[in-house]
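Structure first, then comments.
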Protein chains: 2
Amino acid sequence: MNDVARLAGVSIKTVSRVVNDEPGVHPSTAERVLAAIDQLGFRRNLSARNLRRGSSTGTIGLVLEDVGNPFYSGVTRAVEEIARLRGRQVISGSSDEDPGRERELALEFCSRRVDGLLIVPAGLQHSYLVPEMRAGTPVVFLDRPAGDVVADTVLVDNIGGTVEAVTHLAAHGHRRIAFLGDAPDIFTANERLRGYREGCVRAGIGYHEDLVAMGPHDENSVATTLHRLQNLREPATAIVAGNNRITVHILRALAGSADRPALVGFDDFELADLLSPPVTVIAHDASALGKAATDLLFARLDGDNSPPRRVVLPVRLVPRGSGEVHA
Amino acid sequence: MNDVARLAGVSIKTVSRVVNDEPGVHPSTAERVLAAIDQLGFRRNLSARNLRRGSSTGTIGLVLEDVGNPFYSGVTRAVEEIARLRGRQVISGSSDEDPGRERELALEFCSRRVDGLLIVPAGLQHSYLVPEMRAGTPVVFLDRPAGDVVADTVLVDNIGGTVEAVTHLAAHGHRRIAFLGDAPDIFTANERLRGYREGCVRAGIGYHEDLVAMGPHDENSVATTLHRLQNLREPATAIVAGNNRITVHILRALAGSADRPALVGFDDFELADLLSPPVTVIAHDASALGKAATDLLFARLDGDNSPPRRVVLPVRLVPRGSGEVHA
DNA sequence: CCGCTGGGGGACAACGTTGTCATAGTGGCC
DNA sequence: GGCCACTATGACAACGTTGTCCCCCAGCGG
């Protein structure tokens, strides 16, 4: 800006006025300044501007588990969409389910003075955010609640979803329904297990430990587990999968096998309808989740200081006929 | 920092020293400062720090078409990974194939003084970046080349891929091979069309206009096109799909149809192997693309100022048996 | 001719840091 | 006791902006 001022033969304040479209600059002066800006390729430094103005940095931080997972990339897209409408950039990072990494990312974002934080929490300890929240950075938790702070939270109806999955399978005559879930210290995994249990009880088929296998799961562990489930004295005839990755592992393990158990997966995924058999899922909308959370965040930025809210988004069973009809 | 200094009864410079682990602070003083920091929830302002130090802002900008597309979210993940190793945050935005939006995003990132830019170019005009590049911001183009600036570029072998696809189909006896591609003003779409054409010529089956349908495509247009192709005097017996979205549209349109043409899709996608029939694809690796581009960017940041490079990543045909065997 | 008005423009401080340099105190050595 | 070296600390400027306030001068009315 200094250089521009010198080249145009004006003070830097005048350059600032031109750059900001402030009134009170003679057209001919403005033209000279613009020419200088063009010639020097000047671009105003947003950091300095925000520092001086003490205003918003125009950024929001997004911490999620893995941008590479289509579910989270859908969330990211929705967040970006709304942020854009409100003139914000999104800075994002993947925690890979590691609480330490989550914390590192969140605090780094705070150091950058993001206007707000959206977090898919990895662990159960979030008191590290208290000073930041007290200092005025709004935080919205997404997909899972925070461990030990009270804050806005957007969840999906995990319990209702798995209850519905089990009910659906039981209604088709299944009595040996298995559940493969993610690591039980992950909130959603645990909730879905609870829903599974409740569904079993409601359906009158009872809850049996031997039908449950919690993760972490990879392709091999899923294959092994399926083998076990199918060789029980009373084999499982149906499976509820705790998330999209597990569903895919199951599909891969079952590929080509003759006697396939019925399957209902939590999380919808592309092409689920084109598989044979198509896969029945508990669907919930990544963009709805991202949108709800971002809306909440912006409401806080707009001055809403009502007590923290917890929003639970509905899920819906999408029956596609993945073997529910009990042979 | 001022407040911390006051509370600890020291100068702000001493606080700065403590925060930065600089030597020459008495342990007892440091302790007082740390206590004050803790009490006030102080966190150093990175913008101010970077402004003062004139050093890197620790961010890189990523402009892509749509984070929601699994291909690009894979790229994003890879970029994030490497950026993290080099202590950078990633700011990303989706251009939605709109050159204006791309420009807006890229220049906004420049205003934020990102250390470097990774761009999946939407249009053909990138001279707007010249001043920024001259000012020292390295730019790497990804997946497609820039229109009118010379800069580092990482591409995949689009032509080789489609040549291989056509060759593969022709080897299985197909002589009426159609091509459904994206809008021809998109570099990759055009390249793949060229590859298709060359493949046809090499296979000695000739290039026929009536077998080509360039986009933009949506589910309906793909269905209509397929209908046309199958009702030609000499119907298409095989299809090459220009990208993952088109492949999926085709699969959906063909679902349940009896007489399916063979299909080879450009871009691999999850579950392609589990469909029936499985889908043969031209695979290329989103993370490899992201990694190569980010490595190139960091090489520039490390001072490499050799002439701009163009890296072309190989693709490979993954035969899965999607009806190539001509009945 | 004087004073007032208002448009155009500049000087300067401040945002929150850190680099540079100065200074006060302390202990050791001759 | 005087001098030096060294440690711990602080004062101040500067990074690139913008907000506040002030100044200059042309034009106008009296």
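Residue numbering restarts at 1 for every chain, and letters A, B, ... go by the order of the sequence lines.
Nearest to the side-chain atoms of A:T14 among the listed nucleotides D:dT9, C:dG9, D:dT17 stands C:dG9.
For B:Q125, the CD atom is loosely surrounded, since the number of other residues' heavy atoms within 6.0 Å does not exceed 12.
Spacing between atom CZ of B:R53 and atom C1' of C:dG16 amounts to 14 Å, rounded to whole angstrom units. Atom C1' of nucleotide D:dT20 and atom CD of A:E22 are separated by 12 Å, given to the nearest angstrom. Atom NZ of B:K13 is separated from atom C1' of D:dA11 by 11 Å (rounded to the nearest Å). Distance B:R44 CZ to C:dT17 P: 9 Å, rounded to the nearest Å. B:I37 places its CD1 atom 14 Å from the C1' atom of C:dG16, with the value rounded to the nearest Å. As a whole-Å value, the separation of A:R32 CZ from C:dG8 P is 14 Å. Put simply, CE on B:M1 is 13 Å from P on D:dG10, counting in whole angstrom units. At whole-Å resolution of the value, CD in A:E31 and C1' in C:dG8 are 17 Å apart.
Between B:I60 and B:L117 there is no side-chain heavy-atom pair separated by less than 4.5 Å.
Using modelled atom types, one finds no donor on one side chain facing an acceptor on the other under 3.5 Å when comparing A:N243 with A:D267.
Base contact: A:I12 has a heavy atom under 4.0 Å from a base atom. At the heavy-atom level, B:S16 lies under 4.0 Å from base atoms of the strands shown. Residue-level contact check: A:N50 touches neither bases nor backbone, having no heavy atom under 4.0 Å from any strand. Residue-level contact check: A:N2 touches neither bases nor backbone, having no heavy atom under 4.0 Å from any strand. Using a 4.0 Å heavy-atom cutoff across all strands shown, B:V19 reaches no nucleic acid atom at all. As judged by a 4.0 angstrom heavy-atom cut-off over every strand, A:G54 is placed among residues making no nucleic acid contact. Among the heavy atoms of the strands lying under 4.0 Å from A:V25 are primed sugar atoms or P, OP1, OP2 only; no base atom is included. Using a 4.0 Å heavy-atom criterion, one finds that A:T29 contacts the sugar-phosphate atoms exclusively.
Salt-bridge annotation for B:R103 and B:D98: absent, with no side-chain N of the basic residue lying under 4.0 Å from a carboxylate O of the acidic one.
Taking 4.0 angstrom as the limit, B:S11 places none of its side-chain polar atoms (N or O) nearer than this to OP1 or OP2 of D:dT9.
Put simply, the side chain of A:R52 and the base of D:dT17 share no donor and acceptor less than 3.5 Å apart. Checked by distance alone, A:R17 brings no side-chain donor or acceptor within 3.5 Å of a matching partner on the base of C:dG8.
Between the side chain of B:R144 and the backbone N or O of B:F141 there is no donor-acceptor pair closer than 3.5 Å. Between the A:S56 side chain and the A:D115 main chain, no donor and acceptor come within less than 3.5 Å of each other.
Residue whose closest nucleotide on DNA chain D sits further toward the 5' end, between B:H26 and B:L51: B:H26. When each of A:F42 and B:P27 is assigned the nucleotide of DNA chain D bearing its nearest heavy atom, the one mapping closer to the 5' terminus is B:P27.
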